[in-house]
Amino acid sequence: MDRKMRGWLICMAIILLVLAACSKKETLEDSLPELEEDEEEVLIEEEEPVVSYRAPFTGMAIEEENLRRPVLVTINNHPLARSQSGISDADIIYEFIAEANVTRFLALFQSELPEEIGPIRSARDYFVHVAQGLDAFYVAHGYSPDAQKLLQSGFVDNVNGMQYDGTLFKRSTDRKAPHNSYISGDNVLVAADKANASMEMKKMPPLSFHDALEDAKIGDDAFAITVRYGTDPNFTSNHVYDADKGTYTRTVNERVTTDKVNDEQVEVANVLVFEVDYSVIDDIGRQAVDLESGGKALLFQAGLAQAINWKNDNGILTPVVNGIPAKLVPGKTWIHIVPTKPGMETSVTYTP
């Protein structure tokens, strides 16, 4: 083989080796799995609800303004009337003596209007005055003579079961009268329409609220509270504080206070006790109650007790400290109205 031919063969060999190497590289690249490009994770922040308003009687933050007129209902608290309907939706429950040491509730509904409320019971003149002070639409079934005069004079917009028994007011069959009269939230609105009563809220309560539970740290430890109306255990309330929830539950005669409609426990953020002058006015034991003079009060919130006062502020019974509305924990409130005789020291006890 001459020299020229040998050079040509060497060149061909080099070319074949390069081609073989390229082919091998392509085969290797083809066999490698494709790596997925990392996708950049996009975090979408959830929008927090816009809180622009506070409920006027609970101080709870709400997204939409609620200016529905409050509804005040006299609810039976006789042992045969328990458990009551609708009370877990009440913003405030006032507990007054009606006669002797038997109490009734005045349940204030503004945030919610329950599907069923009751059993409804008769009015007293001081119940009517509380309703008028709140500018509430008042609901009762029956009345004392003094309350009847006020209601029939138009002192406050109202509906009474004496005129609408069997129509707007319904009787349940599982209880006997007078422990079985109920009204629905819808029929309250029908009644207001019949009475040409506006259901627009026109009077704001002078209540003040903490921004949060943690802000309420003034007072003595008080996790268990007992409030007595006389010596009858059927009208002795025991409130126990739940630190996890920041609320109080109530028991009477070791029976937890629940709502008959939904079987929920009634839980409140504040328990107030106002001391007022009661005086007996007739043989039945009906009472006259001084709602004007103000007096001593106790405020229980966040597991603490604080001695304060109450006053009538433009018709509304208001807890005050040095004349200024005491701050409440946002949430529902139970207000006991106890007599000056025997006095707060006998009517109320509490333990850490």
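Only heavy atoms go into these numbers, but all of them, side chains included; no hydrogens, no water, no symmetry mates.
Among residue pairs with one or both ends in residues 147-157, those qualifying as side-chain hydrogen bond (donor to acceptor under 3.5 Å, both in side chains) are Arg69-Asp157; sequence neighbours excluded. Residue pairs satisfying the salt bridge (charged side-chain N to carboxylate O under 4.0 Å, His left out) criterion with at least one member in residues 301-325, sequence neighbours excluded, are absent. Counting only residues at least two apart or in different chains, salt bridge (charged side-chain N to carboxylate O under 4.0 Å, His left out) contacts with residues 188-200 are absent. Sorted by first and then second residue, the ring-ring contact (aromatic ring centres under 6.0 Å, His included) pairs involving residues 187-217 (not counting sequence neighbours) form an empty list. Judged as a ring-ring contact (aromatic ring centres under 6.0 Å, His included), the pairs with a partner in residues 150-177 (not counting sequence neighbours) are, in order, His129-Phe155, His141-Phe169. Annotation: side-chain hydrogen bond (donor to acceptor under 3.5 Å, both in side chains) contacts involving residues 339-352, sequence neighbours excluded, comprise Arg228-Thr349, Asp277-Thr340, Lys296-Glu345. Residue pairs meeting the ring-ring contact (aromatic ring centres under 6.0 Å, His included) criterion with at least one partner in residues 173-197, sequence neighbours excluded, are His78-His179. Residue pairs meeting the salt bridge (charged side-chain N to carboxylate O under 4.0 Å, His left out) criterion with at least one partner in residues 173-183, sequence neighbours excluded, are Asp174-Lys260. For residues 238-249, the pairs satisfying salt bridge (charged side-chain N to carboxylate O under 4.0 Å, His left out) are Lys245-Glu267, with sequence neighbours left out.
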Residues Arg250, Val266; criterion side chain to side chain contact (heavy atoms under 4.5 Å, CB included); working and verdict:
CA-CA 7 Å; Arg250 174 179 179 268; Val266 175; 5.9 Å; no
side-chain hydrogen bond (donor to acceptor under 3.5 Å, both in side chains) between Gln84 and Asn77, intermediate numbers included:
CA-CA 8 Å; Gln84 295 93 340; Asn77 188 36; 3.1 Å; yes
Apply side chain to side chain contact (heavy atoms under 4.5 Å, CB included) to the pair Leu317 and Asn312, showing each step before the final yes or no.
CA-CA 5 Å; Leu317 310 185; Asn312 186 320; 4.3 Å; yes
Would you please test Glu116 and Ser85 for side-chain hydrogen bond (donor to acceptor under 3.5 Å, both in side chains) and show each step?
CA-CA 6 Å; Glu116 180 181 86; Ser85 297; 2.9 Å; yes
Let's go through Val139 and Val71 carefully: what are the C-alpha distance in whole Å and the side-chain angles of both, what is the deciding distance for side chain to side chain contact (heavy atoms under 4.5 Å, CB included) to 0.1 Å, and is it a yes or a no?
CA-CA 7 Å; Val139 180; Val71 174; 4.0 Å; yes
Dump the intermediate steps for side chain to side chain contact (heavy atoms under 4.5 Å, CB included) on Arg255 and Ser83, then the final yes or no.
CA-CA 10 Å; Arg255 182 176 175 182; Ser83 55; 4.3 Å; yes
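A distance-only check finds a donor-acceptor pair linking the side chain of Thr236 to the backbone of Asp232 [under 3.5 Å]. With Asn187 contributing its side chain and Val190 its backbone, the two residues share no donor-acceptor pair below 3.5 Å. A side-chain donor-acceptor contact under 3.5 Å links Asp282 to the backbone of Arg286. At least one donor-acceptor pair under 3.5 Å links the side chain of Gln287 to the backbone N or O of Gly285. For the pair Arg54 (side chain) and Gly59 (backbone), a donor-acceptor distance under 3.5 Å is present. Between the Asp259 side chain and the Gly86 main chain, a donor and an acceptor come within less than 3.5 Å of each other. A donor-acceptor pair under 3.5 Å is absent between the side-chain atoms of Asp89 and the main chain of Pro114, judged by distance alone. A donor-acceptor pair under 3.5 Å links the side-chain atoms of Lys170 to the main chain of Thr167, judged by distance alone. Counting only distance, with no hydrogens or angles, the side chain of Gln110 and the backbone of Arg68 share a donor-acceptor pair below 3.5 Å. In this structure, Asp221 contributes its side chain and Leu304 its backbone to no donor-acceptor pair below 3.5 Å.
Side chains of Val268 and Thr247 form no contact here, defined as non-hydrogen atoms less than 4.5 Å apart. You'll find the side chain of Phe57 reaches within 4.5 Å of the side chain of Pro205, heavy atoms only. Residues Leu151 and Val128 have side chains in contact (heavy-atom distance under 4.5 Å, counting atoms from C-beta outward). Contact check for Tyr138 versus Thr74: side-chain heavy atoms found under the 4.5 Å cut-off.
Under the salt bridge (charged side-chain N to carboxylate O under 4.0 Å, His left out) criterion, Asp220 pairs with no residue at all, not counting sequence neighbours. Residues satisfying the side chain to side chain contact (heavy atoms under 4.5 Å, CB included) test with Ala307, not counting sequence neighbours, are Leu298.
Between Tyr229 and Asn101, the shortest heavy-atom contact is O-CB, 3.5 Å. Shown here for Ala297 and Phe274, the closest heavy-atom pair between the two residues is CB-CD2, 3.6 Å. Here the shortest heavy-atom pairing between Asp125 and Ala147 reads N-CB, 3.6 Å. Looking at every heavy atom in both residues, Ala136 comes nearest to Val156 through O-CG2, 3.5 Å. Residues Arg104 and Ser122 come closest through the heavy atom pair NH1-OG, 2.9 Å. Closest approach of Tyr278 to Ile337, counting heavy atoms only: OH-O, 2.7 Å.
Ring centroid separation for the pair Tyr126 and Phe96 comes in under the 6.0 Å cut-off. Aromatic pair Tyr248/Phe300: centroids not less than 6.0 angstrom apart.
In this structure, Arg82 is positioned above the aromatic face of Phe235, its NZ or CZ under 6.0 Å from the six-membered ring centre and within 45° of the axis.
One hydrophobic cluster, built from ILVMFWY side chains closer than 4.5 Å, holds both Ile308 and Val348. Both Leu168 and Met199 are part of a single hydrophobic cluster, where members link through side-chain heavy atoms under 4.5 Å apart. Hydrophobic clustering (side-chain heavy atoms under 4.5 Å, transitive across Ile, Leu, Val, Met, Phe, Trp, Tyr) keeps Val261 apart from Ile87. Hydrophobic clustering (side-chain heavy atoms under 4.5 Å, transitive across Ile, Leu, Val, Met, Phe, Trp, Tyr) groups Met201 together with Val188. Side-chain heavy atoms closer than 4.5 Å link hydrophobic residues (I, L, V, M, F, W, Y) into clusters, and following such links, possibly through other members, connects Val273 to Phe223.
Ring geometry for His239 against His336 counts as perpendicular: the plane angle is over 60°, on a 0 to 90° scale with 30° as the lower cut.
Using modelled atom types and a 3.5 Å distance limit, the side chains of Ser172 and Asn180 yield no donor-acceptor pair. Side-chain atoms of Thr58 and Asp91 form no donor-acceptor pair, as typed in the model, at a separation below 3.5 Å.
Look at Glu99 and Arg124 and you find a salt bridge, because one of the NZ, NE, NH1 or NH2 atoms lies within 4.0 Å of a carboxylate O, short of that distance.
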Expected list for residues 318-334: side-chain donor-acceptor pairs under 3.5 angstrom, two or more places apart:
unit_1 : atom_1 : unit_2 : atom_2 : d
Thr318 : OG1    : Ile316 : O      : 2.9
Lys332 : NZ     : Ser88  : O      : 2.5
Thr333 : OG1    : Asn270 : ND2    : 3.2
Trp334 : NE1    : Glu95  : OE1    : 3.2

